[in-house]
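Before any comments, here is the structure.
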Number of protein chains: 2
Amino acid sequence: MATLSFTSETVEMYLKSIAELELLTTPVAISQLAQRLGVSSPSVLEMVKRLAEQKLVTHTPYKGVSLTARGHSRALAVLRRHRLWERFLVDTLRLPWEAVHDYACQLEHAAAPAVVDALAQFLGEPDTCPHGNPIPDAKGAMPAETAIPLLTMEIGQSARLTNIIYEETILLEYLARRGLLPGAMLTLEDVAPYQGPLMVRVDGFDHPAALGREIAARVFVHVIE
Amino acid sequence: MATLSFTSETVEMYLKSIAELELLTTPVAISQLAQRLGVSSPSVLEMVKRLAEQKLVTHTPYKGVSLTARGHSRALAVLRRHRLWERFLVDTLRLPWEAVHDYACQLEHAAAPAVVDALAQFLGEPDTCPHGNPIPDAKGAMPAETAIPLLTMEIGQSARLTNIIYEETILLEYLARRGLLPGAMLTLEDVAPYQGPLMVRVDGFDHPAALGREIAARVFVHVIE
DNA sequence: CCTTTGAATTAGGTTGCCCTAATTGCAATT
DNA sequence: AATTGCAATTAGGGCAACCTAATTCAAAGG
């Protein structure tokens with residue numbers, strides 16, 4: 001009966017993180033979310049219960065969290081704002097590719113719908129962020145994903161890098177230095193055993209790049225058949 | 001000894017409001033600040049005491065609050081961000097002059113220094129906001145004000161409107177409909193007695209505009225000698 | 001000078017969002 | 001089937017930022 005309320009910013013941060021983690025595993029574990037958000041598990045659990053009360057997520061005890069349709073559409077609105085700001089920061093303000101994700105995290109909660117719409121129009125209604133991730137349209141529809149994780153490529157296959165999910169500055173810097181930007185052409189040369197790295201040759205680079213499996217699961221590609 | 005801390009956003013909102021109210025009266029009364037911020041007087045007092053502990057303001061009991069040098073420079077940084085966003089929203093996104101103040105209030109706390117600097121550069125280092133108020137430079141220096149409140153004009157004098165402080169949407173809409181935008185030329189035709197309105201003729205408009213004294217104190221002009 | 005009145009202040013909450021420490025439950029391995 | 005390890009949960013706080021109600025103070029008018 002208690003109508004718990006909370007700030008929309010906190011709600012949005014949780015929904016966005018859940019949406020991103022759902023791309024990797026579903027349902028999302030409380031501990032994953034806690035690590036991602038940098039808060040303790042009990043704190044996450046408390047928030048998750050409140051989100052569940054608002055029908056934004058469903059929580060299965062001891063299993064994890066998933067977004068409801070409502071939660072998903074709220075999350076897409078956040079992702080739209082976030083990715084539009086990223087485009088603006090890179091295309092208009094010429095800020096570095098690796099850094100804009102963090103800047104956009106601050107801006108994503110602070111723009112009124114009218115501002116978001118005007119921004120999208122100014123940018124020419126882009127459909128991907130600078131890291132290749134799709135920008136939902138104003139109605140909340142997201143282009144279908146057809147790319148696969150680099151991790152699932154087979155040795156010898158070639159592919160074009162499409163997008164990178166879970167954009168930490170440190171990861172993006174690592175990838176940028178090795179030419180692993182959206183659009184890059186690459187070939188999977190080798191996969192080391194025992195959860196070892198994947199060796200990837202990037203067009204135009206002398207040395208192959210070594211990518212851990214964690215990273216290779218977050219880099220998406222279109223394989224050239 | 002207790003090192004009270006709080007979110008920088010709250011601090012900034014308080015400092016900005018104090019800075020703006022100091023233009024009208026100084027020191028700023030607790031109740032003025034409470035009305036401006038939309039919170040209760042005890043809440044304001046509590047925050048003011050903390051700000052005083054951090055040497056951002058000085059509080060004289062039963063008198064009011066003033067910014068210290070430190071507080072003033074923090075406030076100018078907020079005003080810079082705010083006014084740069086306003087310029088962006090009007091000049092780049094073509095959003096309405098009356099509405100951008102409110103949008104900028106949300107954005108002003110959410111931009112990293114690198115973003116603010118890049119934005120200023122993109123906009124061509126403007127020195128006023130769309131409402132005519134000066135934008136402090138990156139070092140925190142503000143151009144000196146030489147304009148006077150319209151309220152202090154004498155009947156028959158002509159002047160050019162320079163800026164409007166304390167920008168509420170409803171006030172800006174009222175002024176915009178009567179041509180009272182920065183740059184407008186006007187003549188003070190009459191002043192009604194008993195705190196009555198000032199009658200102002202605006203170049204290019206048939207009917208004189210009536211401005212209450214509260215408003216006339218917030219519209220600044222350069223008198224044509 | 002005393003009274004009055006409204007602002008400032010004090011007293012005593014509440015809520016959102018976070019924490020650590022302790023406990024419980026699940027699932028994988030012996 | 002029992003054990004063990006780790007994630008999930010419960011229990012019990014803390015702090016920032018707000019509130020209302022009650023009290024105190026200062027400045028102005030009788």
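- At the phosphate of C/dC19, OP1 or OP2 sits under 4.0 Å from a side-chain N or O atom of A/S43.
- In this structure, OH of A/Y62 is placed 10 Å from P of C/dT24, rounded to the nearest angstrom.
- Within 4.0 Å (heavy atoms only), B/L45 reaches at least one base atom of the nucleic acid.
- Whole-Å rounding puts the A/Q32 CD to D/dC6 P distance at 17 Å.
- In this structure, B/T128 and B/N133 have side chains that are not in contact, with every pair of non-hydrogen atoms separated by 4.5 Å or more.
- Rounded to an integer number of Å, the gap from CD of B/E9 to P of C/dC17 is 13 Å.
- The distance between atom CD of B/E46 and atom P of D/dC19, rounded to the nearest whole Å, is 10 Å.
- If you measure from atom CD1 of B/I30 to atom P of D/dA26, you get 15 Å, rounded to the nearest angstrom.
- Ion pair B/E46/B/R50 flagged as a salt bridge, since at least one NZ, NE, NH1 or NH2 atom sits closer than 4.0 Å to an Asp/Glu carboxylate oxygen.
- Regarding contacts with the backbone of D/dT9, a side-chain N or O of A/H59 is found under 4.0 angstrom from either OP1 or OP2.
- OP1 or OP2 of D/dT10 lies within a sub-4.0 Å distance of a side-chain N or O belonging to A/K49.
- In terms of phosphate contacts, B/Y14 brings a side-chain nitrogen or oxygen within less than 4.0 Å of OP1 or OP2 of D/dC18.
- What separates CZ of A/R50 from P of C/dT15 is a distance of 11 Å, to the nearest Å.
- The NZ-C1' distance, from B/K63 to D/dA26, rounds to 7 Å in whole Å.
- Atom CD of B/E53 and atom P of D/dA17 are 13 Å apart (whole Å).
- Using a 4.0 Å heavy-atom distance criterion, A/S31 is classed as a sugar-phosphate-only contact.
- The residues B/R218 and B/E214 are annotated as salt-bridged, a charged nitrogen and a carboxylate oxygen being separated by less than 4.0 angstrom.
- Heavy atoms of A/P42 sit under 4.0 angstrom from at least one base atom.
- Considering every non-hydrogen atom in both B/L33 and B/S17, the closest pair reads CD1-CB, 3.8 Å.
- A/S41 has no side-chain polar atom (N or O) that falls below the 4.0 Å cut-off from OP1 or OP2 of D/dA7.
- Taking the six-membered ring where the residue is Trp, B/F122 and A/F88 present perpendicular rings, their angle passing 60° and hence far from 30°.
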